Amino acid sequence: MPHINIKCYPGRTEDQKKRCADAVAKAVSEIMGCDISHVSLEINEIEKSDWADTVWDKEIEPNMDKLYIKPGYKPDNR
């Protein structure tokens, strides 16, 4: 606990993804008061053409009331 799942468009380098994962895991560990060894994190790359159907419709839109940070955009076809 906790498990973090980051979804983004493809195009980041492995170094960028590793640095992001390290920074997020460290912040979560410190803020939530848990050992960093208990934090797991994955990064999933989603094609832009699949974003609306895969992420927006299934994870963002139905969970707007649970989002602490809401997106400032809507997918192109919405």
Side-chain angles (χ1 to χ4, degrees):
M1 153 359 230
H3 176 73
I4 303 152
N5 185 334
I6 297 174
K7 294 178 178 70
C8 59
Y9 294 158
R12 277 67 177 197
T13 66
E14 285 301 312
D15 181 63
Q16 287 173 310
K17 290 186 275 187
K18 176 70 172 133
R19 287 177 29 226
C20 177
D22 289 344
V24 170
K26 182 180 178 190
V28 166
S29 170
E30 291 172 359
I31 293 166
M32 297 189 84
C34 63
D35 192 282
I36 197 162
S37 68
H38 295 170
V39 178
S40 57
L41 187 147
E42 63 182 299
I43 297 176
N44 293 293
E45 295 182 330
I46 310 294
E47 293 293 333
K48 184 176 182 177
S49 60
D50 295 330
W51 188 265
D53 292 334
T54 304
V55 179
W56 185 270
D57 290 349
K58 294 179 180 174
E59 297 186 39
I60 296 174
E61 186 66 33
N63 293 303
M64 281 291 186
D65 60 326
K66 297 177 189 172
L67 298 180
Y68 283 87
I69 300 174
K70 296 182 183 348
Y73 71 95
K74 288 203 177 201
D76 295 338
N77 59 351
R78 299 292 186 268

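Values in this document were obtained by computation on a predicted structure and should not be read as measured data. Atom set for the values below is all heavy atoms of this structure, side chains included, hydrogens, waters and symmetry mates excluded.
I6 and I60 are not part of a single hydrophobic cluster, where members link through side-chain heavy atoms under 4.5 Å apart. The hydrophobic clustering, which links ILVMFWY residues whose side-chain heavy atoms are closer than 4.5 Å, places V55 and I43 apart.
Qualifying side-chain contact (heavy atoms from CB on, under 4.5 Å) partners for E61, counting only residues two or more places apart in sequence or in other chains: W56, M64. Remark: T54 engages I46, D50 in a side-chain contact (heavy atoms from CB on, under 4.5 Å) (not counting sequence neighbours). Applying the side chain to side chain donor-acceptor pair (under 3.5 Å) test to E47 and every residue at least two apart in sequence or in another chain returns nothing. Residues passing the side chain to side chain donor-acceptor pair (under 3.5 Å) test with S49: none are found, sequence neighbours excluded. Listed by chain and number, the residues in a side chain to side chain donor-acceptor pair (under 3.5 Å) with D22 are K18 (sequence neighbours excluded). Every residue meeting the side chain to side chain donor-acceptor pair (under 3.5 Å) condition with D15, not counting sequence neighbours, appears here in chain and number order: R19.
Pairs engaging residues 1-12 under the salt bridge (charged side-chain N to carboxylate O under 4.0 Å, His left out) rule: K7-E59 [sequence neighbours left out]. Residue pairs that meet the ring-ring contact (aromatic ring centres under 6.0 Å, His included) test with at least one member in residues 7-51, sequence neighbours left out, are Y9-W51.
Note: D65 CG to K70 NZ = 7.0 Å, rounded to the nearest 0.5 Å.
Other members of a hydrophobic cluster containing M1 are absent, since no ILVMFWY side chain comes under 4.5 Å of it, directly or through relayed contacts.
The minimum heavy-atom distance linking H3 with L41 is given by the pair ND1-N, 4.3 Å.
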Side-chain donor/acceptor pairs under 3.5 Å, residues 24-34, sequence neighbours excluded:
| unit_1 | atom_1 | unit_2 | atom_2 | d |
| --- | --- | --- | --- | --- |
| S29 | OG | C34 | O | 2.5 |
| S29 | OG | I36 | N | 3.3 |

